Amino acid sequence: MLQALKGIRPSSKVWVLFAVWLCSLLFLLFQGGKLAFMLFIMMLVLTVYLSLGKWSGIKGTVGTRALINTESGAVLEAGHSVEVQLTVNIPGYWPIPYVLLRDQLVRKGGETLEFTTSFVPDWRRRGRLMYVTPQLERGYYTFGETICSTEDIFGFFEHRGTIRLPLSFSVLPKTVPIREWTQFRHLSKGNQNHSASTRHTSETTQINGVREYHYGDRLSRVHWNATARTGTWKSKEFEREALPRIVVILDREAASYESPEQFELAVSIAASLLQFAEQKQLAAGLLSTGRNSVFFEPGLGRAKLSEMMHHLIGVQADGAHDLIHVADNRSRQLSSGTVLAVVSPNTGASMLKVMGWMQTRQMTPCHFLVGGNGKGDWSTVLRSKGVPLYAVHELGGLSSVLGGMPR
């Protein structure tokens, strides 16, 4: 009978309970006897128990949320899981057999992950439970509302309470370490070999430290305070300017990508190249060509890398214009002698036009072909133009592709 009543609305269940109690009362009044009396007492106790469940305290539930393997506002890398711990406290005194807890993890612009678990409160009406999320994709995540529910021992009535424990974190695109990029030094010099070498060895007026005096140093380079303090000749050390510059161009044209997985591969390639540049102390920048194109000037340091990586967390393939249109609008920000790493699945006349546009402005382009489709014919075309091609079918092969000569 109780199973049949499962699908009845809560208001109908109240009427059914009242009707059963009323029948037992009428049976006692008109029939009388011990059987009728015992049946009435049993129904009275059952009715009181089910009615008092409304004041079980589940609606006033409070709690706390913590991330075990990370912190609130932290940044993870795609492919990692998060271990979540919830501590729940239920006010009141009415006995609760168990609590069913439904939690939500919302990805910005994406799907909602739901987690369901249960626990039995202790004598202090508290419970602690943990769950582990699946491997997370790139994006911004925040926890939604947590629904706590309980039922009486017969499963007749369900009572709910809602907890709001806002907590957010970010997931960076997946990356792979790049051991070496064998052709980068050659690319950084490009067709302007001598002038590039001169720029790479010139110095700024910014003092970077003190070094030993070298024979032939000008008097203006002598660090007189350090010389007087140490008793030996010291010279000023200046920062180098115009280190090899690389700008990663991420093609976000929506029509270019056949699947979300292909775009995720493109984002991961761009992020891995930026990490490689930071590791090698190269001045790196990023041109993200989407609905709202964003350009990051080439620079050094972890802060610069962090700024670009945070941008890559939320990028989508939402561009409507082709790459040549965006690059032409950014021509004043792309200086000559810069290595341009174009990350795109596109081939053909449009991409060839982009490469030619870059070469005419004395930049050095190279193409990271996402997915590697049509590699054979496209490789021949680019080779005739002197443009290296790196066909990347999967992220794990990026390092080996850059470690050898591009084909």
Side-chain angles (χ1 to χ4, degrees), residues 173 175 178 181 183-184 187-188 190 244-257 262-278 282-299 304-305 307-312 314-372 378 382 385-392 395 398 401-402 406:
T175 59
I178 300 175
W181 187 350
Q183 272 205 335
F184 182 77
L187 291 173
S188 63
R245 296 160 59 92
I246 176 173
V247 173
V248 178
I249 301 179
L250 176 61
D251 184 4
R252 290 167 48 198
E253 185 183 2
S256 301
Y257 295 92
Q262 190 180 28
F263 180 70
E264 289 301 319
L265 175 59
V267 176
S268 295
I269 292 172
S272 299
L273 291 174
L274 293 175
Q275 285 189 344
F276 167 79
E278 195 277 334
L282 304 174
L286 174 66
L287 174 57
S288 179
T289 64
R291 179 184 302 170
N292 298 314
S293 297
V294 180
F295 179 71
F296 296 88
E297 289 281 352
K304 188 70 176 182
L305 174 64
E307 183 182 7
M308 293 184 289
M309 294 293 283
H310 273 80
H311 168 75
L312 292 178
V315 294
Q316 300 294 331
D318 54 6
H321 301 288
D322 56 17
L323 198 56
I324 185 64
H325 176 80
V326 179
D328 192 50
N329 291 338
R330 297 283 180 173
S331 58
R332 293 185 179 181
Q333 297 172 304
L334 300 173
S335 59
S336 60
T338 303
V339 176
L340 300 180
V342 182
V343 182
S344 172
N346 283 336
T347 59
S350 61
M351 182 57 67
L352 197 61
K353 186 177 180 181
V354 173
M355 298 300 175
W357 178 90
M358 295 174 179
Q359 288 179 323
T360 57
R361 286 161 177 76
Q362 298 183 349
M363 304 172 195
T364 308
C366 59
H367 186 196
F368 285 82
L369 183 59
V370 182
W378 183 238
L382 287 188
K385 301 295 182 180
V387 178
L389 172 66
Y390 303 93
V392 184
L395 186 60
L398 177 62
V401 168
L402 292 177

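Computed from a predicted model, the values in this text were never measured in an experiment.
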Open item on the list: Which heavy atom of Ser288 sits nearest to which heavy atom of Val315, and what is that distance?
Closed with: OG-CG1, 4.0 Å

Task: Pairwise distance CE(Met355) to CG(Leu340) - rounded to 0.5 angstrom - done: 9.0 Å

Task: Worked verdict on Ile249 versus Met358 for side chain to side chain contact (heavy atoms under 4.5 Å, CB included) - done: CA-CA 12 Å; Ile249 301 179; Met358 295 174 179; 3.6 Å; yes

Task: Residues that His310 engages under ring pair (Phe, Tyr, Trp, His ring centres under 6.0 Å), provided they are two or more places apart - done: none

TODO: Quick one: pull up CG in Leu402 and CZ in Phe368 and give me the separation to the nearest 0.5 Å.
DONE: 4.5 Å

Task: Donor-acceptor pair, side chain of Lys304 and main chain of Glu297, under 3.5 angstrom - done: yes

Task: For Val247 against Phe295, the heavy-atom pair lying closest together - done: CG1-CE1, 4.1 Å

TODO: To the nearest 0.5 angstrom, please state how far the OG1 atom of Thr175 sits from the CG atom of Leu274.
DONE: 10.5 Å

Open item on the list: Any non-hydrogen side-chain atom of Val387 less than 4.5 Å from a side-chain atom of Gln359?
Closed with: yes

- [ ] Search all heavy atoms of Leu265 against all heavy atoms of Gly371 and return the closest pair with its distance.
- [x] CD2-N, 4.0 Å

Open item on the list: Given 3.5 Å as the limit, does a donor-acceptor pair link the side chain of Asn346 with the main chain of Met351, or not?
Closed with: no

Task: Nearest atoms (heavy-atom pairs only) where Pro388 meets Pro365 - done: CD-O, 3.5 Å

TODO: Measure the CG-CH2 distance between Leu282 and Trp181 for me, rounded to the nearest 0.5 Å.
DONE: 9.5 Å

- [ ] Could you pull out the closest heavy-atom pair between Ser256 and Gln262, with the gap in Å?
- [x] O-OE1, 4.2 Å

Open item on the list: What I'd like to find out is whether the side chain of Phe296 reaches to under 4.5 Å of the side chain of Leu305, using heavy atoms alone.
Closed with: no

TODO: Work out which heavy atom in His367 is nearest to a heavy atom in Ser344; give both atom names and the distance.
DONE: NE2-O, 3.0 Å

Open item on the list: Run the ring pair (Phe, Tyr, Trp, His ring centres under 6.0 Å) test against Phe276 and tell me which residues pass, sequence neighbours left out.
Closed with: none

- [ ] Please test Tyr257 against Asp251 for side chain to side chain contact (heavy atoms under 4.5 Å, CB included), starting from the C-alpha separation and ending with a verdict.
- [x] CA-CA 10 Å; Tyr257 295 92; Asp251 184 4; 4.1 Å; yes

Open item on the list: As an exercise, state the distance from SG of Cys366 to CG of Leu382, rounded to the nearest 0.5 Å.
Closed with: 10.5 Å

Open item on the list: Measuring from atom CD of Gln316 to atom CZ of Phe263, what distance do you get when rounded to the nearest 0.5 angstrom?
Closed with: 6.0 Å

Task: Residue of the set Leu286, Ile269, Val342 for which side-chain contact (heavy atoms from CB on, under 4.5 Å) holds with Val248 - done: Leu286

TODO: Check step by step if side chain to side chain contact (heavy atoms under 4.5 Å, CB included) holds for Val343 and Leu273.
DONE: CA-CA 10 Å; Val343 182; Leu273 291 174; 4.3 Å; yes

